[in-house]
Amino acid sequence: MQSLFVKVTFVAFISLSSAAIGYGGVTSKFVRSEWPSVDIPLNNEAFAIPKGHNAPQQVHITQGDYDGKAVIISWVTPDEPGSNKVHYGTSEKNYVHSAEGTVTNYTFHEYKSGYIHHCLVDGLEYDTKYYYKIGSGESSREFWFQTPPRIGPDVPYKFGMIGDLGQTYNSLSTLEHYMHSGAQTVLFVGDLSYADRYQYNDVGLRWDTWGRFVERSTAYQPWIWSAGNHEIEYMPYMGEVTPFKSYLYRYATPYLASKSSSPMWYAVRRASAHIIVLSSYSPFVKYTPQWFWLKEELKKVDREKTPWLIVLMHVPIYNSNEAHFMEGESMRAVFEKWFVRKKVDVVFAGHVHAYERSYRISNINYNVSSGDRYPMPDKSAPVYITVGDGGNQEGLAGRFRDPQPEYSAFREASYGHSTLEIKNRTHAFYHWNRNDDGKKVPTDSFVIHNRHWASNLRRRKLKKHYLRIVGGRTATI
C-alpha cells in the first residue's frame with residue numbers, strides 16, 4: 001500500500017510540477033454571496049460563560065517542549081485565582097497525576113483581566129490520550145488531548161492552518177469546518193481576536209469572548225501560536241504603549257525549549273515536522289536576537305528525523321494582492337536565501353484576507369546592482385501560502401494585482417482554512433477549503449514533494465542509472 005501511494009503521488013506531483021513550470025497562474029472567478037462579516041453578538045451561545053462560581057474558561061493548550069512530550073495548559077478564572085493545579089491521567093476521571101502552574105493578571109486601560117493560569121505538564125508519553133481536569137468542586141471542568149507520535153522521518157501527521165480568525169459568523173464557519181477536518185494540531189499564523197478594533201474596556205472584553213469562542217478546539221488540541229499586527233495593541237490615546245501586552249499575558253509559547261530569547265519566535269518538532277515560528281513585528285535584520293536565533297535554529301534541523309521543514313510568519317513574503325503588497329519585502333531580503341539554502345518545504349503566512357499559493361520561486365540573485373531582478377523558478381525554494389482568510393470583521397481583500405504575477409499559482413478572495421497531511425518523508429497532501437456561505441468546499445489541492453528527500457532521491461536514482469549505463473560491471477550498485 002505504501003509503495004502504491006508513493007507511485008500515485010509521484011505521478012500527481014510530476015503533473016503538477018509540469019503545470020507549474022509553465023507558469024499558468026489562476027485567479028479564481030468565484031464570487032461569494034453575502035455572508036455576515038460582523039462580530040458575533042456578545043449574547044450568542046458561541047461566547048457562553050461556563051456554569052459555576054469562578055469556573056475555568058478560555059481553556060487552550062499548546063506544545064510545551066521541543067519534541068512534543070509536554071503541553072502548556074492555560075485558562076482564566078474570572079473572580080478569584082482559585083486552584084492552580086492540573087489533574088491528569090490516561091483514563092477518564094482517573095487523575096493520578098497533577099502539576100501546578102502560575103497565575104497572573106493585567107490591566108489594559110480600565111479593564112482588569114481575570115486570573116490567567118499557565119501550567120506546564122511534561123514527561124508525557126507519545127501517542128497517548130490524556131484526560132485533564134482544572135478548577136475545583138462543582139465548577140471544575142474536564143477535557144482531553146492526544147500527544148503526537150514519536151518523532152521520526154515517516155511518521156504521518158495532519159496539521160491545520162488558520163490565520164486572521166476574529167470572531168464573526170465567518171470565523172465560526174471556519175472553526176467548525178476545521179474541527180471536522182481530522183487535523184491534529186493548528187498552525188496559527190497570527191491575528192487572533194481583533195480586539196484592538198474596539199476601544200477602552202471593550203478591548204479586554206473581546207479577548208475574553210474570543211478565548212471562549214475557540215475553546216471548543218483549543219482545549220482539546222494544541223494551537224501553535226504566532227502573533228500578527230492586531231496583537232500589537234499600541235494605543236497611546238488609552239495610555240497603552242506596551243506592544244503585545246494582552247497576547248503575551250494570555251498565550252504562552254515554549255520559546256525557552258528552543259533557546260529563544262522571546263516568546264515571539266521559537267521552534268518545535270512534532271511527528272515528522274520541524275516548525276519554525278517567526279515574528280514579523282519584532283526586529284529581524286542582521287545581528288538582532290531573532291536573526292541570531294534563526295541562524296542557530298536552522299543548524300539544528302535534522303532532515304533524517306524531521307524531514308518536513310515548515311515556517312510560520314504573519315506577513316507574506318510573496319503576495320499579489322493590493323492589500324499589504326510588498327510589506328514582507330524586508331523579511332524576504334533577510335531570510336529568503338536561508339529558506340532556499342535549507343530547502344524549507346512551505347512557508348505559511350496570514351495578514352492578507354484572501355488565499356494565495358505560489359510556485360517554487362526565489363529572488364535571491366538580485367543585489368540592487370546586478371543579477372536577475374525578478375523571481376525565478378527554483379526547485380530548492382519553498383511554496384509560499386497565504387491563509388489570512390479565517391473570517392474577521394475587516395472583510396475580504398478582494399483586489400488582486402493585474403496581471404497575475406508569474407510567481408502566483410492560485411489566488412482567490414474567500415474565507416477558509418487549510419490542511420497539510422504528511423504521509424511519509426517524501427510526500428504530503430495539501431488542501432485549501434473555501435467557506436462557501438457556510439458550506440465547506442475543497443478548492444485548491446496538490447501534492448507537496450519534500451524538498452530535501454526529493455532532491456536526494458533524484459540524485460541517487462540518476463547516479464544509479466548512470467552507473468548501470470556507463471559502468472557495466474557496477475550494475476548491482
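The structure presented is a predicted model; accordingly, all values stated were derived computationally and were not measured.
Counting only heavy atoms from C-beta outward, the side chains of W210 and L192 approach each other to under 4.5 Å. Taking 4.5 Å as the limit, some side-chain heavy atom of L187 sits within range of a side-chain heavy atom of I275. At least one side-chain heavy atom of Y178 sits under 4.5 Å from a side-chain heavy atom of S217. Contact annotation: the side chain of Y169 never approaches that of S37 to less than 4.5 Å [non-hydrogen atoms, C-beta and beyond]. Contact of the Q63 side chain with the I224 side chain is registered, since non-hydrogen atoms from C-beta on lie closer than 4.5 Å. Between F335 and F284, the closest side-chain pair of non-hydrogen atoms falls below 4.5 Å. Using a 4.5 Å heavy-atom threshold, the side chains of Y251 and W207 count as touching. For the pair S28 and R434, the minimum side-chain heavy-atom distance is below 4.5 Å.
Taking the ring axis of F446 as reference, the NZ or CZ atom of R357 stays within 45° of it and closer than 6.0 Å to the ring centre. For K69 and Y126, the positive end sits near the middle of the six-membered ring, less than 6.0 Å away and at most 45° from its axis.
Within a 6.0 Å sphere centred on NZ of K337, other residues, nucleotides and ligands contribute more than 12 heavy atoms. The local environment of NZ in K158 is crowded, with over 12 non-hydrogen atoms from other residues, nucleotides or ligands closer than 6.0 Å. Heavy atoms of other residues, nucleotides or ligands lying less than 6.0 angstrom from OH of Y237 number more than 12. No more than 12 heavy atoms of other residues, nucleotides or ligands sit less than 6.0 Å from atom CZ of R399.
Q404 and T27 share a side-chain donor-acceptor pair at under 3.5 Å. T174 and S171 are not linked by any side-chain donor-acceptor pair at a separation below 3.5 angstrom, with hydrogens and angles left out of the test. Between the side chains of E304 and H452, no donor-acceptor pair is found at a separation under 3.5 Å. No hydrogens or angles considered: a donor-acceptor pair under 3.5 Å links the side chains of W265 and S260. For the residue pair Y374 and N363, no side-chain donor N or O sits within less than 3.5 Å of a side-chain acceptor on the partner. Using modelled atom types, one finds no donor on one side chain facing an acceptor on the other under 3.5 Å when comparing S258 with E297. No side-chain N or O of E421 forms a donor-acceptor pair with one of T419 less than 3.5 Å apart. In summary, the side chains of Q167 and T209 do present a donor paired with an acceptor at a separation below 3.5 Å, with no hydrogens or angles considered. Checked by atom type, the side-chain pair E356/S408 shows a donor-acceptor distance below 3.5 Å.
Under the rule for a salt bridge (Lys or Arg N to Asp or Glu O under 4.0 Å), K295 has no partner lying at least two apart in sequence or in another chain.
Annotation: salt bridge (Lys or Arg N to Asp or Glu O under 4.0 Å) contacts involving residues 261-276, sequence neighbours excluded, comprise D67-R269. Residue pairs that meet the side chain to side chain donor-acceptor pair (under 3.5 Å) test with at least one member in residues 380-391, sequence neighbours left out, are D389-W432.
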| query | Hey, mind stepping through V203 and M235 against side chain to side chain contact (heavy atoms under 4.5 Å, CB included) and telling me if it holds? | reply | CA-CA 11 Å; V203 177; M235 299 177 170; 4.3 Å; yes
| query | Checking ring pair (Phe, Tyr, Trp, His ring centres under 6.0 Å) for the pair Y249/Y106: CA distance, chi angles, key distance, verdict? | reply | CA-CA 8 Å; Y249 268 97; Y106 71 97; 4.9 Å; yes
| field | Stepwise salt bridge (charged side-chain N to carboxylate O under 4.0 Å, His left out) check, E296 with K259 | value | CA-CA 9 Å; E296 293 304 309; K259 295 182 172 54; over 6 Å; no
| task | Let me see the working for E240 and K245 under salt bridge (charged side-chain N to carboxylate O under 4.0 Å, His left out), right down to the final yes or no. | result | CA-CA 9 Å; E240 293 295 342; K245 185 177 183 180; 3.3 Å; yes
| request: Show your working on side chain to side chain contact (heavy atoms under 4.5 Å, CB included) between W223 and I162 and close with a plain yes or no. | output: CA-CA 10 Å; W223 284 39; I162 300 176; 4.2 Å; yes
| message | Would D208 and R250 count as a salt bridge (charged side-chain N to carboxylate O under 4.0 Å, His left out) here? Give the steps. | response | CA-CA 10 Å; D208 290 331; R250 292 172 182 266; 3.1 Å; yes
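You'll find the ring centres of W293 and W291 outside the 6.0 Å limit. Between Y157 and F159, the distance from one ring center to the other falls under 6.0 angstrom.
Using cut-offs of 30° and 60° on the angle between ring planes, the pair Y66 and H274 is perpendicular.
For the pair E215 (side chain) and V59 (backbone), a donor-acceptor distance under 3.5 Å is present. Side chain of T253 to backbone of P263: a donor-acceptor contact under 3.5 angstrom is found. Between the side chain of D378 and the backbone N or O of S362, no donor-acceptor pair lies under 3.5 Å. Of the possible polar contacts, one joining the Q290 side chain to the P283 backbone as a donor-acceptor pair under 3.5 Å is found.
Shown are H353, H314, H351; of these, the side-chain hydrogen bond (donor to acceptor under 3.5 Å, both in side chains) with H324 is made only by H351.
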